[in-house]
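Structure first, commentary second.
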Amino acid sequence: MQCCGVYPDNFTYSFLLKACNSLSLVQMVHAHVEKLGFYGDIFVPNALIDSYCKFGCVGIRAGMKLFMVMEERDVVSWNSMIGGLVKNGELDDACKLFDEMPKRDMVSWNTMLDGYAKAGEMNKAFGLFERMPERNVISWSTMVWGYSKAGDMAMARMLFDKCPMKNLIIWTTIISGYAEKGIVKEATVLYDKMEEVGLKPDDGFLISILAACAESGMLGLGKRIHASIRRCRFRCSTKVLNAFIDMYAKCGCLDAAFGVFSGMSRRDLVSWNSMIHGLGIHGHGEKALKLFSRMVHEGFEPDKYTFIGLLCACTHAGLINEGRNYFYAMEKVYGIVPQVEHYGCMIDLLGRGGLLEEAFGLLRNMPMEPNVVVLGTLLGACRMHNDVDLAKAVCEHLFKLAPSDPGNFSLMSNIYAQAGDWVNVANIRKQMKSTGGQKPSGASSIEVEEEVHEFTVFDQSHPKSNDIYEMIDRLVQDLRQVGYVPKAYI
DNA sequence: ATAGGGTTAG
């Protein structure tokens, strides 16, 4: 290009930088700009900063270096740099730059709001929000999103109601907030209201809400949305249909999930992965493996998610040999290097199957450091099979990684209790007190006729509590008859 | 340069 005497302009660099999918490519473009000895206008270094910031800490440092040597900076230079820091979680540094800025615009404020909201620091976010000279719908929806993720639906709702310029995105945020928490009534009422003001769901809306339904098990709302978009003849994209598959599968409606899957004219890898995983988590191991063969037969290349689904399916169906084979095949046949998640699946598979030695061996031979999840999985398997010695070894690692996680303390204390080692139970209790941790009770929820019922252990708050416990007793007796020995923990 | 969104091991 240059041999012809033509020099790149802003747009050339813009396209070039957009195409850079690695740090070294950005560096090459940067070197080229330097060599030409001119940056054009400020657009080029700004675009360079932005591209650098996409590549983690190293990229940010390179971006910062450029930012520091720039002779002239405009508000976009500052915003790009702050945005990069915020995306990487370096909020303190972002805040410093924000304070130093000679002039801030709405984007600067919104970027900082987003950073605090993503970090769950809603007090700080609210402080900024109140100090902003003016706010747009992005400022409002960032606040609604942050409060909703922090679990404060009252604040989220107050801000949503106060927002003077509601668009589809802020409606999506508040409705999926309610849906995620299983608050069906509000979610449904707002969904109807949204249609009343003339807003129609788009892909982003449907995907958000369906993902929220999948998480909280709100089958009712998911079905309602399905019916409503059928009424208005919404043409569902593959992504939306995938969200339906996942929602139905997570809610236990495998037939409905498979119905959506079968009816799709165009499936992508995510469709297959969601369906395989859905079958897997509900114990349909054989069906999941068959679907995998069909997928390969139809020419799809499996990815790391496919193997997580497959290994999960093997675990839930007790298919130890099959799981081992897939684990080794994923690298040898499909060229996918197992990640810590895959090792986690394998350790769960082996551990639940009682092959604790093999599970422990795999843990030690992992090419990466085990994380809390992997160790917790193995500890759970130790409890299941009453292996106190191995549990102690695992716990030593675990306490180093997550010294104050109350979940691990209670798991370990249960293991000691089961072995009758009351001295160590008392020790653990003491440690728990000193770190101040009490394990929050896990809760299950179920939706019956548009109402969500939540249960925790020893819960007696439900109006039909007595009936429920009577039913549990009966179930436990039935289970005993077929050989199951229930365990009660302290 | 800023807001919602699909599959991810316990």
Side-chain angles (χ1 to χ4, degrees), chain A residues 43 46-47 49-50 53 74-84 86-87 105-115 117-118 135-146 148-149 163 167-177 201-212 214 237-247 249-250 268-278 280-281 302-312 314-316 338-349 351-352 371-381 407-408 411 442:
Chain A
F43 178 92
N46 283 351
I49 291 178
D50 196 44
C53 286
D74 65 0
V75 67
V76 179
S77 332
W78 288 88
N79 287 346
S80 298
M81 205 54 242
I82 292 174
V86 159
K87 278 224 169 61
D105 66 1
M106 186 98 78
V107 177
S108 332
W109 288 91
N110 285 345
T111 305
M112 286 309 296
L113 278 190
D114 187 47
K118 293 246 153 71
R135 308 169 186 98
N136 64 7
V137 66
I138 297 183
S139 332
W140 288 93
S141 49
T142 302
M143 292 303 288
V144 171
W145 185 90
S148 153
K149 278 286 175 288
C163 172
N167 64 4
L168 186 54
I169 294 186
I170 194 166
W171 280 96
T172 306
T173 309
I174 189 77
I175 297 175
S176 63
D202 68 350
D203 268 31
F205 176 86
L206 292 169
I207 292 166
S208 292
I209 309 295
L210 290 172
S237 64
T238 302
K239 284 183 180 182
V240 171
L241 291 172
N242 291 345
F244 272 115
I245 294 176
D246 186 51
M247 185 276 295
K250 293 252 168 73
D268 64 10
L269 190 55
V270 178
S271 327
W272 290 93
N273 288 351
S274 305
M275 198 61 232
I276 289 171
H277 190 250
I281 54 175
D303 66 357
K304 58 176 189 170
Y305 301 112
T306 319
F307 283 97
I308 287 172
L310 275 176
L311 293 174
C312 192
C314 292
T315 300
H316 287 269
Q339 298 179 327
V340 66
E341 290 91 340
H342 300 103
Y343 281 94
C345 288
M346 274 312 283
I347 287 167
D348 192 30
L349 172 72
R352 279 175 197 265
N371 60 18
V372 180
V373 178
V374 175
L375 292 170
T377 304
L378 189 53
L379 192 56
N408 296 329
L411 207 51

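Labels below follow one simple rule: chain letters A, B, ... track the order of the sequence lines, proteins then strands, and each chain is numbered from 1. Keep in mind it's a predicted model, so treat the numbers as computed, not measured. All values below come from the heavy atoms of this structure, side chains included, with hydrogens, waters and symmetry mates left out.
A:Asn136 is linked by a side-chain contact (heavy atoms from CB on, under 4.5 Å) to A:Met106, A:Asn110, A:Ile138, A:Ser139, counting only residues two or more places apart in sequence or in another chain. In this structure, A:Trp145 has no ring-ring contact (aromatic ring centres under 6.0 Å, His included) partners at least two apart in sequence or on a different chain.
Candidate nucleotides B:dT2, B:dT7, B:dG5 were compared by shortest atom distance to the side chain of A:Val270, and B:dT7 ranks first. Nearest to the side chain of A:Asp105, among B:dA1, B:dT7, B:dG5, sits B:dA1. Which of B:dG5, B:dG10, B:dA3 sits closest to the side chain of A:Ile207 comes down to B:dG5. Comparing atom distances between the A:Asn371 side chain and each of B:dA3, B:dA9, B:dT2 picks out B:dA9 as nearest. Of the candidate nucleotides B:dG10, B:dT2, B:dT7, B:dT2 has the atom nearest to the side chain of A:Thr111. For A:Lys239, whose side chain is taken as the heavy atoms from C-beta onward, the closest listed nucleotide among B:dA3, B:dT2, B:dG5 is B:dG5. Picking from B:dA3, B:dA9, B:dG4 the nucleotide with the shortest atom distance to the side chain of A:Ile308 gives B:dA9. In this structure, the nucleotide among B:dG4, B:dT2, B:dA1 sitting nearest to the side chain of A:Asn79 is B:dA1. Nearest to the side-chain atoms of A:Ser141 among the listed nucleotides B:dG10, B:dA3, B:dT7 stands B:dA3. With B:dT2, B:dA1, B:dT7 as the candidates, the nucleotide lying closest to the side chain of A:Ser274 is B:dT7.
In the interface, the side chain of A:Thr172 is paired with the base of B:dG4 through a donor and an acceptor atom under 3.5 Å apart. With hydrogens and angles left out, the side chain of A:Asn110 and the base of B:dA1 share no donor-acceptor pair within 3.5 Å. With hydrogens and angles ignored, no donor-acceptor pair closer than 3.5 Å exists between the side chain of A:Thr142 and the base of B:dA3. If you check distances only, the side chain of A:Asp203 never reaches the base of B:dG4 with a donor-acceptor pair under 3.5 Å.
Residues A:Gly278 and A:Ala249 approach most closely at CA-CB, 3.8 Å, considering heavy atoms.
Atoms CZ and OG, from A:Phe244 and A:Ser274 in turn, are 13.5 Å apart once rounded to the nearest 0.5 Å. Annotation: the span from A:Arg352 atom CZ to A:Thr377 atom OG1 amounts to 8.5 Å, rounded to 0.5 Å.
In this structure the side chain of A:Ile49 reaches within 4.5 angstrom of the side chain of A:Cys53, judged on heavy atoms.
Using a 4.0 Å heavy-atom distance criterion, A:Val340 is classed as a base contact. Using a 4.0 Å heavy-atom criterion, one finds that A:Asp303 contacts no nucleic acid atom at all. Contact annotation for A:Val374: base contact, defined as any heavy-atom pair under 4.0 Å involving a base atom. When heavy atoms are screened at a 4.0 angstrom cut-off, A:Arg135 is found touching no nucleic acid atom at all. Residue contacts for A:Asp202: at a heavy-atom cut-off of 4.0 Å it reaches a base atom on one of the strands shown. Heavy atoms of A:Phe205 sit under 4.0 angstrom from at least one base atom. Looking at heavy-atom distances under 4.0 Å, A:Ser176 makes no contact with the nucleic acid at all.
Taking 4.0 angstrom as the limit, A:Lys149 places none of its side-chain polar atoms (N or O) nearer than this to OP1 or OP2 of B:dA3. Taking only side-chain nitrogens and oxygens, A:Lys250 comes nearer than 4.0 Å to OP1 or OP2 of B:dT8.
Put simply, CZ on A:Phe43 is 7 Å from P on B:dA1, counting in whole angstrom units. Between the P atom of B:dT7 and the CE atom of A:Met275 lies a distance of 15 Å, rounded to the nearest Å. One can place CG of A:Leu349 at 11 Å from P of B:dG10, the figure rounded to the nearest angstrom. Here B:dG4 presents its C1' atom at 11 Å from CD1 of A:Ile175, a figure rounded to the nearest Å. Computed from coordinates, the A:Lys118 NZ to B:dA3 P distance equals 6 Å when rounded to whole Å. The separation between A:Leu113 atom CG and B:dT2 atom C1' is 9 Å, rounded to whole Å. Going from atom CH2 of A:Trp140 over to atom P of B:dG4 covers 18 Å, rounded to whole Å. The CZ atom of A:Phe307 sits 15 Å away from the C1' atom of B:dA9 (whole-angstrom rounding).
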Note to self: For a side chain to side chain donor-acceptor pair (under 3.5 Å) check, start with the C-alpha distance between A:Asp268 and A:Thr238, then their side-chain angles and the critical distance, and finish with the verdict.
What the structure shows: CA-CA 7 Å; A:Asp268 64 10; A:Thr238 302; 5.4 Å; no

